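Computed from a predicted structure; not experimentally measured. In listed order, ligands and their atoms are each counted from 1. Quick note: numbers below take in every heavy atom, side chains included, and nothing from hydrogens, waters or symmetry partners.
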Amino acid sequence: MALLFRSSVDSAARWRDQLGRLTEALEIRLWPEIGDPAEIDYALVWRPEPGLLAALPNLKLILSLGAGVDHLLGDPELPRHLPIVRLVDPHMTDAMSEYVALQVLRLHRGDLDYRAQQEARIWRELDQKNAADRRVGILGLGELGRDAARKLKALGFDVAGWSRGEKAVVGIECHAGPGGLPKLLGRSEILVCLLPLTAETEGILNARTLALLPRGAALVNAARGAHLIEEDLFAALASGHISAAVLDVFRDEPLPADHPFWHHPRVVTTPHVAAFTNPATAAPIILDNIRRLEEGRPLLNQIDLARGY
Ligand code: NDP
Ligand code: OXD
């Protein structure tokens with residue numbers, strides 16, 4: 001059995017070591033040294049070049065190196081008849097919830113204002129709300145959104161979430177579908193985006209939806225840059241309707257050096273690091289799915305191409 005590893009992130013050696021420690025049955029081939037393409041059974045990939053997967057005639061399964069699969073679905077030659085699985089790793093889920101908690105607390109406790117005051121040597125107490133009086137809304141109640149919602153709830157926040165289908169999550173006010181979106185937005189003083197990028201969710205953070213947030217609301221986008229219409233966020237920040245934004249993901253990554261997000265006083269950026277894929281914890285999960293396929297058992301976290309996630 002042979003697995004092709006291809007990632008736009010420089011992690012190939014770590015993955016080869018990690019997978020090699022767990023199995024001798026799988027020959028790991030690191031792109032571009034793929035040998036005979038007809039010998040490749042599995043492809044473990046992050047942003048593979050379009051056409052690469054279609055050039056593997058005996059491929060059986062495509063495994064995403066991340067939770068998202070939008071990096072695959074843009075390939076016009078994607079072999080759509082093959083199963084595609086995404087990564088769901090509890091350690092990654094914990095990491096995302098840490099990031100969300102950090103940023104929600106930063107916004108809740110006025111950290112940007114205190115940083116600005118420190119810069120200007122101003123000693124002034126600002127208003128302090130209880131977490132129970134702070135309404136947080138989460139777009140996406142999947143693996144990541146549900147965990148973040150529960151952990152924010154445990155910190156005392158008043159949390160609601162939005163998903164495609166109806167959901168019940170203990171302690172969380174749940175909204176669903178297009179009809180539920182205005183309800184979620186209208187109550188969200190801090191809005192967190194944890195949606196997959198699909199045809200339906202692209203550009204969902206736009207002038208119309210931002211306008212539905214209460215005046216002074218703040219945004220955390222840890223999902224995908226293409227969820228956000230950047231010009232609309234700049235306009236909402238300029239008018240004061242949105243008070244601050246924390247952005248981990250961008251339309252262009254790395255964020256271009258001359259991009260205005262870098263020095264906007266009300267924008268915090270991080271370089272797509274909310275939740276890394278960690279070879280040590282992810283490799284056993286990936287191998288489990290390969291074994292499942294070999295043994296004819298159901299795959300875990302297989303995506304639905306029609307839904308796009
Ligand atoms: P899941 O597939 O588990 O959850 C997706 C959630 O979004 C589900 O609740 C789903 O609804 C909801 N959703 C999808 N489409 C719609 C829609 N049209 N309307 C309303 N709700 C919708 O994904 P994960 O939680 O595992 O991951 C979410 C995303 O986070 C990834 O796709 C990736 O883009 C991003 N991510 C970012 C990382 C980073 O470091 N910045 C790291 C990891 C992931 P339903 O439950 O009804 O299906
Ligand atoms: C992912 C990511 O989708 O890191 O896993 O963005």
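- On a distance-only criterion, G140 and ligand 1 share no N/O pair closer than 3.5 Å.
- Backbone and side-chain nitrogen or oxygen atoms of L141 are examined, and one is located within less than 3.5 angstrom of a nitrogen or oxygen of ligand 1.
- Among protein heavy atoms, the minimum distance from atom 2 (C) of ligand 2 is reached at H272 NE2, 3.5 Å.
- Nearest protein heavy-atom neighbour of atom 19 (N) of ligand 1: W162 CH2, 3.2 Å.
- Counting heavy atoms under 4.0 Å from ligand 2, residue S64 does not touch it at all.
- Contact atoms of ligand 1 toward D248: 39 (C), 40 (O), 41 (N) (distance under 4.0 Å to a heavy atom of the residue).
- Under a cut-off of 6.0 angstrom, the local environment of CZ in R307 is crowded, with over 12 non-hydrogen atoms contributed by other residues, nucleotides or ligands.
- For atom 25 (O) of ligand 1, the closest non-hydrogen atom on the protein side is L144 N, 2.9 Å.
- Using a cutoff of 4.0 Å between basic side-chain nitrogens and carboxylate oxygens, E49 and R6 are scored as salt-bridged.
- Near R224, meaning under 4.0 Å from one of its heavy atoms, ligand 2 places the atoms 1 (C), 2 (C), 3 (O), 6 (O).
- Across all non-hydrogen atoms, the minimal contact from L233 to F261 is CD2-CE2, 4.0 Å.
- No N or O atom of T198 sits closer than 3.5 Å to an N or O atom of ligand 1.
- Taking every non-hydrogen atom of V249 and a distance limit under 4.0 Å, the qualifying atoms of ligand 1 come out as 41 (N).
- Residue L185 comes nearest to P214 through the heavy atom pair O-CD, 3.5 Å, listed as atom of the first residue, atom of the second, then distance.
- Note on R266 versus D113: salt bridge recorded, some NZ/NE/NH1/NH2 to OD/OE distance being below 4.0 Å.
- The pair D158-R134 does not count as a salt bridge, with every side-chain nitrogen at least 4.0 angstrom from each carboxylate oxygen.
- Using a 4.0 Å cut-off between charged nitrogen and carboxylate oxygen, K151 and D94 count as a salt-bridge pair.
- Within the set H71, R86, K167, H175, the minimum heavy-atom distance to atom 3 (O) of ligand 1 is found for R86.
- At a 3.5 angstrom cut-off on N or O pairs, T201 does not count as close to ligand 1.
- Within the 4.0 Å heavy-atom shell around ligand 1 one finds L195.
- For G68, a nitrogen or oxygen atom sits less than 3.5 Å from a nitrogen or oxygen atom of ligand 2, counting backbone and side chain alike.
- Looking only at side-chain heavy atoms (C-beta outward), V69 and L197 stay at 4.5 Å or farther from each other.
- A salt bridge is defined here as a Lys NZ or Arg NE, NH1 or NH2 lying under 4.0 Å from an Asp or Glu carboxylate O, and R164 with E200 meets this definition.
- Of the protein's heavy atoms, A67 N, 3.4 Å lies nearest to atom 1 (C) of ligand 2.
- A heavy-atom separation below 4.0 Å is found between A223 and ligand 1.
- For G142, a nitrogen or oxygen atom sits less than 3.5 Å from a nitrogen or oxygen atom of ligand 1, counting backbone and side chain alike.
- Ring pair H272/F250: centre-to-centre distance not below 6.0 Å.
- Counting atoms of ligand 1 from 1 in the listed order, those under 4.0 Å from a heavy atom of G165 are 47 (O).
- Within the structure, ligand 2 lacks R86 among the residues with a heavy atom less than 4.0 angstrom away.
- Listed by atom number, the atoms of ligand 1 under 4.0 Å from A67 heavy atoms are 43 (C), 44 (C).
- Between L197 and ligand 1, a contact under 3.5 Å exists for no N or O pair.
- Protein heavy atom nearest atom 11 (O) of ligand 1, with residue, atom name and distance: R164 N, 3.1 Å.
- Ligand 2 lies less than 4.0 angstrom from a heavy atom belonging to M92.
- Considering only non-hydrogen protein atoms, atom 10 (C) of ligand 1 sits nearest to Y309 OH, 3.6 Å.
- A salt bridge does not link D232 to R208: none of the charged nitrogens lies less than 4.0 Å from a carboxylate oxygen.
- Enclosure of atom CD in E295 by more than 12 non-hydrogen atoms of other residues, nucleotides or ligands within 6.0 angstrom is indicated.
- Look at E27 and R16 and you find no salt bridge, because none of the NZ, NE, NH1 or NH2 atoms lies under 4.0 Å from a carboxylate O.
- Any N or O atom pair closer than 3.5 Å counts here, and E200 shares at least one such pair with ligand 1.
- Distances between N or O atoms of L194 and those of ligand 1 include no value under 3.5 Å.
- Less than 4.0 angstrom separates some heavy atom of A274 from each of these atoms of ligand 1: 39 (C), 40 (O), 41 (N).
- Of the protein's non-hydrogen atoms, A222 O, 3.2 Å is the one closest to atom 37 (C) of ligand 1.
- Salt bridge status for D111 with R115: present, with a side-chain N to carboxylate O gap under 4.0 Å.
- The protein non-hydrogen atom at the shortest distance from atom 32 (O) of ligand 1 is P196 CA, 3.3 Å.
- For the pair M96 and L144, the minimum side-chain heavy-atom distance is below 4.5 Å.
- The contact set between ligand 1 and M96, taken as ligand atoms under 4.0 Å from a residue heavy atom, comprises 37 (C), 38 (C), 39 (C), 41 (N), 42 (C).
- Classification of E173 and K183 as a salt-bridged pair fails, no side-chain N sitting under 4.0 Å from a carboxylate O.
- Under a 4.0 Å criterion applied to the non-hydrogen atoms of H272, ligand 1 contributes the atoms 39 (C), 40 (O), 41 (N).
- Atom numbering of ligand 2 starts at 1 in the shown order; those under 4.0 Å from a heavy atom of A275 are 4 (O).
- Side-chain contact of Y99 with T270: a donor-acceptor pair under 3.5 Å is present, judged by distance alone.
- Taking 4.0 Å as the cut-off, R146 does not count as a neighbour of ligand 1 on heavy-atom distance.
- Protein heavy atom closest to atom 40 (O) of ligand 1, with residue, atom name and distance, is A275 N, 3.1 Å.
- Between H108 and E189, the side chains place no donor N or O within less than 3.5 Å of an acceptor N or O (distance only, hydrogens not considered).
- E119 and Y114 form no side-chain donor-acceptor contact under 3.5 Å, judged by distance and modelled atom types alone.
- Those atoms of ligand 2 that come under 4.0 Å of a heavy atom in W46, given as number and element, are 1 (C), 2 (C), 3 (O), 6 (O).
- What you find for P57 and A38 is that their closest heavy atoms are CG-CA, 3.8 Å.
- Look at E166 and you'll find every heavy atom at least 4.0 Å from all atoms of ligand 1.
- Looking at every heavy atom in both residues, P178 comes nearest to W162 through N-CZ2, 4.4 Å.
- Short contacts between ligand 1 and R224, defined as distances under 4.0 Å to a heavy atom of the residue, involve ligand atoms 33 (C), 34 (O), 35 (C), 36 (N), 37 (C).
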